[in-house]
2 protein chains.
Amino acid sequence: MRADARQNLDSLLEAAKTVFSESGVDAPVRAIAERAGVGVGTLYRHFPLRSDLISAVFRREIDACVDAAPDIEAAYPAGEALDRWIIRYTEFVATKRGLAAALHSGGTTYEPLAEYFSMRLTPTLRRLLDAALASGEIADDVDPAEFLGAVANLCHAGGPPGSVSEGRAERMVRLLLAGLRGGTELPV
Amino acid sequence: MRADARQNLDSLLEAAKTVFSESGVDAPVRAIAERAGVGVGTLYRHFPLRSDLISAVFRREIDACVDAAPDIEAAYPAGEALDRWIIRYTEFVATKRGLAAALHSGGTTYEPLAEYFSMRLTPTLRRLLDAALASGEIADDVDPAEFLGAVANLCHAGGPPGSVSEGRAERMVRLLLAGLRGGTELPV
DNA sequence: AAAGGTAGCGGAACAACGTTCCGGAAAAAG
DNA sequence: CTTTTTCCGGAACGTTGTTCCGCTACCTTT
């Protein structure tokens with residue numbers, strides 16, 4: 001790999017990270033290329049699809065979230081560890097404006113990113129759930145991939161303009177976690 | 001209002017309803033105009049913003065959902081009525097591909113639609129919650145607007161491609177409802 | 001019934017988007 | 001230093017939402 005190509009790739013990742021956090025994942029491709037000081041052709045050479053760039057940028061942050069799990073597991077009992085890691089995951093997702101929307105935009109465009117999300121995060125949650133089930137701290141099991149998707153969906157503003165939104169995501173996620181404790185039967 | 005204008009407006013609403021259910025709310029404006037047999041200029045005369053058309057199409061369906069509440073309230077005890085109405089709301093939202101994504105797309109574009117959602121649905125849920133709280137069937141209160149937004153967010157596919165998604169939305173919503181029963185304290 | 005004024009229509013035109021393409025510049029190899 | 005290969009830049013294309021204006025045809029008025 002040529003030296004200038006490597007340099008441009010780094011610039012692009014850095015620029016994309018900045019732009020995404022400023023304007024969300026819907027930011028125009030041209031804006032990213034401009035901030036990186038390269039042409040759009042260069043961007044598309046490294047990332048044939050827009051979603052490839054998004055994937056690359058978020059991969060490292062996903063890894064950081066996964067890596068946080070062992071520390072939490074060691075420091076708290078199983079049930080509380082589960083809660084704390086989910087809250088940690090919440091904080092990661094909450095900062096990515098438009099990410100959840102992109103993930104279920106319908107088409108096959110963002111499948112690779114969703115794939116990676118699940119590939120890394122699912123086993124972590126599976127382990128936390130098993131531990132909490134074994135210790136009897138939660139009553140119901142759930143599919144980890146489903147649960148992660150649900151939490152991610154909850155972590156975005158939504159709702160009417162004037163409504164209280166401070167802490168909304170966290171409140172709803174805590175409600176979901178409380179649901180795992182209950183085991184209450186609901187009507188069909 | 002002129003007769004042909006009235007006729008075109010009806011055609012547009014009818015066409016939009018069809019196209020939205022076939023291709024989701026992201027369907028191109030031109031496709032709707034073409035199906036209605038009018039030019040895009042006519043469409044924009046009646047609906048200055050794309051979101052205005054979406055609002056108009058969904059208003060009647062929201063109303064239907066609100067109107068279903070009294071029947072459910074009369075037929076079931078408070079707690080079960082709450083569950084059943086939320087499930088009914090779920091079914092409505094689930095069929096609107098891309099609607100939730102549009103609602104929290106960030107900008108002010110879809111605010112009128114979200115406003116109307118909340119304006120109609122919030123009081124209904126407020127009443128159901130109060131009844132269930134009064135009868136002691138649920139332990140925790142929530143902000144109705146928040147809860148509705150959360151449920152709407154849960155009603156979309158998300159997750160990795162291969163994962164189980166059959167009934168996912170319903171399972172997650174039931175978990176959320178179970179959370180209202182619990183009242184379990186969670187860690188900070 | 002005819003005629004005029006005007007509400008309203010159609011679709012070309014514009015800006016911004018994602019994506020493609022290729023002439024030429026610059027890095028690596030000899 | 002020359003050759004070869006890699007890779008860059010940005011013009012160009014197709015599709016989006018939205019605007020604009022000349023002309024149609026509807027309603028009113030006589």
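No hydrogens, no waters, no symmetry mates; every other heavy atom, side chains included, goes into these values. Chain A is the first sequence line, chain B the second, and so forth, proteins listed ahead of strands; every chain is numbered from 1.
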- Query: Got a donor-acceptor contact below 3.5 angstrom from the D52(A) side chain to the L49(A) backbone?
  - Reply: yes

- Between T42(B) and R2(B), the residue closer to the 5' end of DNA chain C by nearest nucleotide is R2(B)

- Message: Please confirm whether the shortest side-chain N or O distance from H46(A) to OP1 or OP2 of dC8(D) is below 4.0 Å.
- Response: yes

- Query: In whole angstroms, how far is the C1' atom of dA7(C) from the CG atom of L9(B)?
  - Reply: 15 Å

- Message: By the 4.0 Å heavy-atom rule, please label A3(A) as base, sugar-phosphate, or nothing.
- Response: sugar-phosphate

- Query: Sub-3.5 Å donor-acceptor pair from the side chain of T122(B) to the main-chain atoms of M119(B), do we have one?
  - Reply: no

- Task: Would you mind reading off the distance between E34(B) atom CD and dC9(C) atom C1', rounded to a whole angstrom?
- Result: 17 Å

- Message: Using a heavy-atom cut-off of 4.0 Å across all strands, would you classify A27(B) as base, sugar-phosphate, or nothing?
- Response: sugar-phosphate

- Using a 4.0 Å heavy-atom cut-off across all strands, classify R50(B) as base, sugar-phosphate, or nothing. sugar-phosphate

- Query: How is V40(A) classified with respect to the nucleic acid when contacts are heavy atoms under 4.0 Å: base, sugar-phosphate, or nothing?
  - Reply: base

- Message: For a quick check under 3.5 Å, do D63(A) and Y116(A) share a side-chain donor-acceptor pair by atom type?
- Response: yes

- Message: As a test of reading the structure: which of dG8(C), dC17(C), dC22(C) is closest to the side chain of R45(A), going by heavy atoms?
- Response: dC22(C)

- Distance, rounded to the nearest Å, where D10(B) contributes CG and dC9(C) contributes P: 12 Å

- Message: Tell me whether the side-chain N/O atoms of N8(A) come closer than 4.0 Å to OP1 or OP2 in dC7(D).
- Response: no

- Query: Does the distance from a Lys or Arg side-chain N to an Asp or Glu carboxylate O, for E73(A) and R84(A), drop under 4.0 Å?
  - Reply: no

- Item | Distance, rounded to the nearest Å, where Y44(A) contributes OH and dG10(D) contributes C1' | 14 Å

- Note on the structure: Comparing G41(B) with D4(A), nearest DNA chain C nucleotide closer to 5' gives the residue G41(B)

- Item | I32(B) CD1 to dT18(D) P, straight-line distance once rounded to whole Å | 11 Å

- Task: Look only at the side chain of S11(B) and the backbone of Q7(B), and say whether a donor-acceptor pair between them is shorter than 3.5 Å.
- Result: yes

- Among dC8(D), dT19(C), dT18(D), find the nucleotide with the atom closest to the side chain of A5(A). dC8(D)

- Item | L43(A) CG - dG9(D) C1' separation (whole Å) | 12 Å

